[in-house]
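Everything below concerns the one structure shown next.
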Amino acid sequence: MTDDQRPPRAVRVRFAPSPSGDLHVGNVRTALYDWAYARRTGGTFVFRLEDTDRSRVQLEYIDSAIDTLYWLGLDWDEGADVGGPYGPYLQSERMGIYAEWTERFLAEGTAYYCYCTQEEVAQRRKAARAAGGPSGYDGHCRTLTEAQVAAYRAEGRQPVVRMRVPEGQTTFTDLIRGEVTFDHAHVPDFVLSRADGSPLYTLAVAIDDVLMKITHIVRGEDLLSSTPRQITVYRAMGVPEAEFPVFAHLPMVLGPDGQRLSKRNGVVSVNWYRDEGFLPETICNYLALLGWSPGGDRESFTLAEMATEFDLSRVNKNSAQFDVRKLEAMNGDKIRALEPADFAARITPFLARAGLVAEPPTAGQASLIAAAAPLIQSRISRLSQAPGLLAFLFVPEQDFAVNPEDAARVLVPEAREALQAAETALKDLATWESGAIEQTVRDALVDGLGLKPRVAFTPVRVAVTGQRVAPPLFESIDLLGRERTLARLARALGALPG
RNA sequence: GGCCCCGUCGUCUAGCGGCCUAGGACACCGCCCUCUCAAGGCGGCGACGGCGGUUCAAAUCCGCUCGGGGCUACCA
């Protein structure tokens with residue numbers, strides 16, 4: 001425990017996404033760290049929703065986010081869906097609070113009305129930038145006379161409210177970056193609420209963090225430069241310096257191309273990975289590694305371990321690129337490490353979705369899944385790959401079809417001999433069990449016909465499983481049963497060209 | 001442009017002044033195993049951005065430089 005010089009007050013951490021889309025891998029990485037930090041310190045984890053921008057927020061994303069987080073194994077002590085002593089936790093339900101504070105700032109002169117249009121601001125910004133200086137708002141409306149205000153009003157202009165950022169500088173100690181200083185020459189008077197009166201992020205986030213007694217703000221580095229703005233709001237609110245939340249800015253998660261995460265450079269929605277059959281434990285483990293490691297060579301760990309070991313002092317400062325290949329490799333590892341029964345249970349929904357078994361499966365299907373699962377556990381790296389490998393076992397016999405490409409390549413006249421020998425050998429096999437099946441087929445095709453194993457078994461595999469890439473042949477035949485196996489061999493023989 | 005942050009193999013990382021001729025993982029390339037595909041085993045390729053300085057000693061500390069990222073919205 002070398003990081004946070006344990007503050008005197010109990011730790012309160014929040015995760016506060018904006019529900020304007022599915023949670024992406026960057027969001028989830030932040031949520032993970034927030035959660036782990038709260039748990040490690042024995043603190044409280046708060047889940048808040050920043051839904052002040054009505055033009056971007058969509059309600060369905062709120063449920064989606066909650067759903068995704070629970071699926072990953074995260075939980076919170078206070079939040080939109082569970083309530084808590086500092087609610088509501090949906091910013092859209094706190095509009096009155098923001099309005100009250102805004103009024104107070106206005107009355108006390110820490111904020112002022114700004115009548116500039118967006119076009120005017122943009123134009124002056126452009127000019128300032130061309131001149132080589134800071135390009136934020138220039139303070140045009142800071143000191144308007146009553147006559148000027150009256151003139152703007154007469155024009156019908158609707159003002160926004162801006163914070164009056166005093167001269168000077170803001171310095172704070174970031175738990176990850178160390179001491180960071182911003183000169184206020186580069187912290188322009190920022191907008192607190194829009195012309196329609198609705199609050200902006202910078203206002204709402206600061207007020208809520210104070211009101212919700214957040215002690216540690218652990219969030220993405222993209223918010224680092226907005227920190228002085230938040231601190232300005234704390235000051236305007238009259239919060240004593242000693243009670244300011246402590247900041248910790250996490251390194252960014254970048255796309256595979258080193259660019260900012262976006263749909264263009266790969267899939268970023270965590271829900272997509274869930275649907276593809278990535279295990280929640282894989283996602284947590286992999287994402288945790290994007291910026292943190294427990295130290296040494298260990299890179300496989302559980303959420304529970306993270307909850308006892310996570311330490312902000314071990315968080316990297318540099319950004320990390322998201323690499324799907326490593327994620328998938330790790331998923332394969334986690335899949336292989338699953339208890340067989342657990343693995344069977346995890347692939348079942350995927351088999352059901354593919355229409356191979358009922359939802360829930362019948363007793364017969366369930367036992368077949370249990371028997372077949374071990375055949376593919378080391379062969380897939382995503383649960384979504386299970387149906388493809390097991391379809392031959394579950395498909396109704398009349399629907400069974402050999403993959404055309406594999407048939408054309410393997411089920412050729414030269415294969416007749418092997419297929420017939422296999423059919424004959426299996427017809428009278430006394431004990432239907434994979435070991436005996438292998439012995440019999442091997443004797444007939446390899447020893448009997450002098451074929452190489454590879455040459456001998458491939459046509460049989462294609463005839464029986466419908467494809468060249470399949471689970472181990474003899475175990476597959478065992479599970480398929482004598483009747484269906486012989487039927488498929490006969491069908492393949494009948495379909496042979498020439 | 002201005003401000004802020006960052007800089008170890010292609011990627012994720014270990015390293016927190018000597019244990020480093022820099023370790024692990026993914027990817028890639030060989031070989032082994034093998035009924036396909038995997039898994040597994042063995043081996044290989046491969047990095048401290050550059051330049052100065054501090055020190056007996058620097059990947060580790062400092063400066064500069066170059067490079068990358070973020071912010072610069074009536075988005076968050």
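To find a chain, count down the sequence lines: A is the first, B the second, and so on, and within it residues start at 1. Just so you know, these numbers come straight off a predicted model, no measurement behind them.
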At 4.0 Å (heavy atoms only), tell me whether [X] reaches a base, stays on the sugar-phosphate, or touches nothing.
| X | answer |
| --- | --- |
| A:Phe190 | nothing |
| A:Thr181 | sugar-phosphate |
| A:Gly133 | base |
| A:Arg336 | sugar-phosphate |
| A:Gly220 | nothing |
| A:Leu289 | sugar-phosphate |

Using Watson-Crick or G-U wobble geometry with both distances under 3.5 Å, which nucleotide pairs with [N]?
| N | result |
| --- | --- |
| B:C26 | B:G10 |
| B:C35 | none |
| B:C61 | B:G53 |

Interface residues of residues 449-462 of chain A with RNA chain B (non-hydrogen, below 4.0 angstrom):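 When residues 449-462 of chain A is checked for heavy atoms under 4.0 Å from RNA chain B, the hits, listed by number, are A:Pro453, A:Arg454, A:Phe457, A:Arg461.
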Sugar-phosphate or base contact per nucleotide [nucleotides 71-76 of chain B; S, B, -; heavy atom under 4.0 Å]: SBSBBB
Rounded C1' spacing from B:U65 to B:A57 in Å: 25 Å
Rounded distance in Å between the C1' positions of B:A14 and B:C19: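 It comes out at 14 Å once rounded to the nearest Å.
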A:Phe474 and A:Phe457 aromatic ring geometry - parallel, tilted or perpendicular at 30°/60° bounds: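 Perpendicular.
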Parallel, tilted or perpendicular, as decided by the 30° and 60° cut-offs, for the rings of A:Phe47 and A:Phe15: parallel
Listed nucleotide nearest any side-chain atom of A:Glu438, set B:U13, B:C35, B:G24: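 Per side-chain heavy atoms of A:Glu438, the pick is B:C35.
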Nucleotide nearest A:Gln321 when distance is taken to its side chain, options B:C35, B:C37, B:U11: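 Looking only at side-chain atoms, A:Gln321 lies closest to B:U11.
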Any A:Gln377 side-chain N or O less than 4.0 Å from OP1/OP2 of B:A39: no
side-chain N/O A:Asn316 vs B:U13 OP1/OP2, d < 4.0 Å: yes
Residues A:Asp53, A:Arg56: salt bridge by 4.0 Å N-O rule: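 Between A:Arg56 and A:Asp53 there is a salt bridge, with a charged N closer than 4.0 Å to a carboxylate O.
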Listing time: all N or O pairs from protein to nucleotides 27-30 of chain B that are below 3.5 Å?
residue	atom	partner	partner atom	Å
B:A27	O2'	A:Arg325	NH1	2.8

